[in-house]
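The structure under discussion appears below in the form of structure tokens.
Worth knowing before you read on, the calculation uses all heavy atoms, side chains too, and leaves out hydrogens, waters and symmetry mates. Quick note: residue numbers are just sequence positions, from 1.
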Amino acid sequence: QLQASGGGLVQTGGSLSLSCAKSGRTWSTAPMAWFRQAAGKGREFVAAIVSNGARTYYSDSVKGRFTISSDNAKNTMYLQMNSLKPEETAVYYCATASRSFASIRAIYTAVNYDYWGQGTLVTVSS
């Protein structure tokens, strides 16, 4: 199971830190990722972390502003979001899978993930 938290209201240019706690069986080689979904839009890849933090991946739109990390001792993944923009208002979901992925491309695609947190709302005011 995944439990996301940390969302809230922030002004343009502000920062928020999201957390995703995982419980139950976990797969150390499976990626963990953040996706987001704005109202009326599809689920969009934000960032992913693989192999206990050895590799990270970001969408072009957040690269340089967001940082994904994990604390294996706490079974928790984090997303530090800086310089937030109003268009990044969305429900943010954490996700993981029950296996490693065969390709890097698969990391960016929501349908490949088996387990999802309940989502946490991030609202960026202009």
Could you state the interatomic distance from CG (Asp114) to OG1 (Thr96), rounded to the nearest 0.5 Å?
8.0 Å

Heavy-atom closest contact (Val46 atom, Phe66 atom, distance):
CG1-CD2, 3.7 Å

Is the closest side-chain donor-acceptor distance between Thr76 and Asp71 under 3.5 Å?
no

Check Leu16 against Val10 and note the closest heavy-atom contact, atom names and distance.
CD1-CG1, 4.1 Å

Would you say Arg65's side chain and Ser83's backbone share a donor-acceptor pair under 3.5 angstrom?
yes

Is there a continuous path of hydrophobic side-chain contacts, each under 4.5 Å between heavy atoms, that joins Ile107 to Ile68?
no

Thr12 and Lys85: side chain to side chain contact (heavy atoms under 4.5 Å, CB included), yes or no, with the steps?
CA-CA 5 Å; Thr12 298; Lys85 306 173 183 179; 5.5 Å; no

If only atom types and distance count, is the side chain of Ser70 paired as donor or acceptor with the main-chain N or O of Met77 below 3.5 Å?
no

Mutual orientation of the aromatic rings belonging to Tyr113 and Phe101 [parallel < 30°, tilted 30-60°, perpendicular > 60°]
perpendicular

Mind running side chain to side chain contact (heavy atoms under 4.5 Å, CB included) on Gln80 and Ser69 for me, showing each step along the way?
CA-CA 8 Å; Gln80 176 65 41; Ser69 62; over 6 Å; no

Short side-chain to backbone donor-acceptor contact, Thr89 and Glu87, under 3.5 Å
no

Note: Trp116 and Ala110 closest approach over all heavy atoms is CZ2-O, 3.4 Å

Flag if over 12 foreign heavy atoms under 6.0 Å of NZ, Lys41
no

Among the clusters formed by ILVMFWY side chains lying less than 4.5 Å apart, do Tyr115 and Trp34 turn up in the same one?
yes

Tell me, do Lys22 and Met32 make a side-chain contact under 4.5 Å, heavy atoms counted?
yes

More than 12 heavy atoms from other groups under 6.0 Å of CD on Gln118
yes

Disulfide (SG to SG under 2.5 Å) pairs, two or more places apart, involving residues 95-126:
none

Looking at Ala30 and Ala97, what are the two nearest heavy atoms and their distance?
CB-O, 3.3 Å

What closest approach, in Å, do Ala47 and Leu79 show between heavy atoms, and which atom pair accounts for it?
CB-CD1, 4.2 Å

Shared hydrophobic cluster, Tyr78 / Tyr58 (ILVMFWY, side-chain heavy atoms < 4.5 Å):
no

If the plane angle is over 60° it's perpendicular, under 30° parallel, otherwise tilted; pick one for Phe45 and Phe35.
perpendicular

Yes or no on side chain to side chain donor-acceptor pair (under 3.5 Å) for Asn82 and Ser15, after CA distance, side-chain angles and deciding distance?
CA-CA 4 Å; Asn82 299 326; Ser15 299; 2.9 Å; yes

Does Tyr93 have Arg43 sitting over its ring (NZ/CZ under 6.0 Å from centre, angle to axis within 45°)?
yes

Nearest heavy-atom contact between Ser125 and Leu9 is CB-CD1, 4.2 Å

Rounded to the nearest 0.5 Å, what separation is found between the SG atom of Cys20 and the CD atom of Gln3?
8.5 Å

Checking Leu84 against Gln11 for the side chain to side chain contact (heavy atoms under 4.5 Å, CB included) test, could you report, in this order, the C-alpha distance in whole Å, the side-chain angles of both residues, the deciding distance, and whether it holds?
CA-CA 8 Å; Leu84 282 160; Gln11 291 185 336; over 6 Å; no

Does Asn112 offer a backbone N or O that forms a donor-acceptor pair with the side chain of Thr109 under 3.5 Å?
no

N/O donor-acceptor pair under 3.5 Å between Asn72 side chain and Asn75 backbone
no

Audit row: Met81, Val122, side chain to side chain contact (heavy atoms under 4.5 Å, CB included) steps and yes/no
CA-CA 10 Å; Met81 305 184 294; Val122 172; 3.9 Å; yes

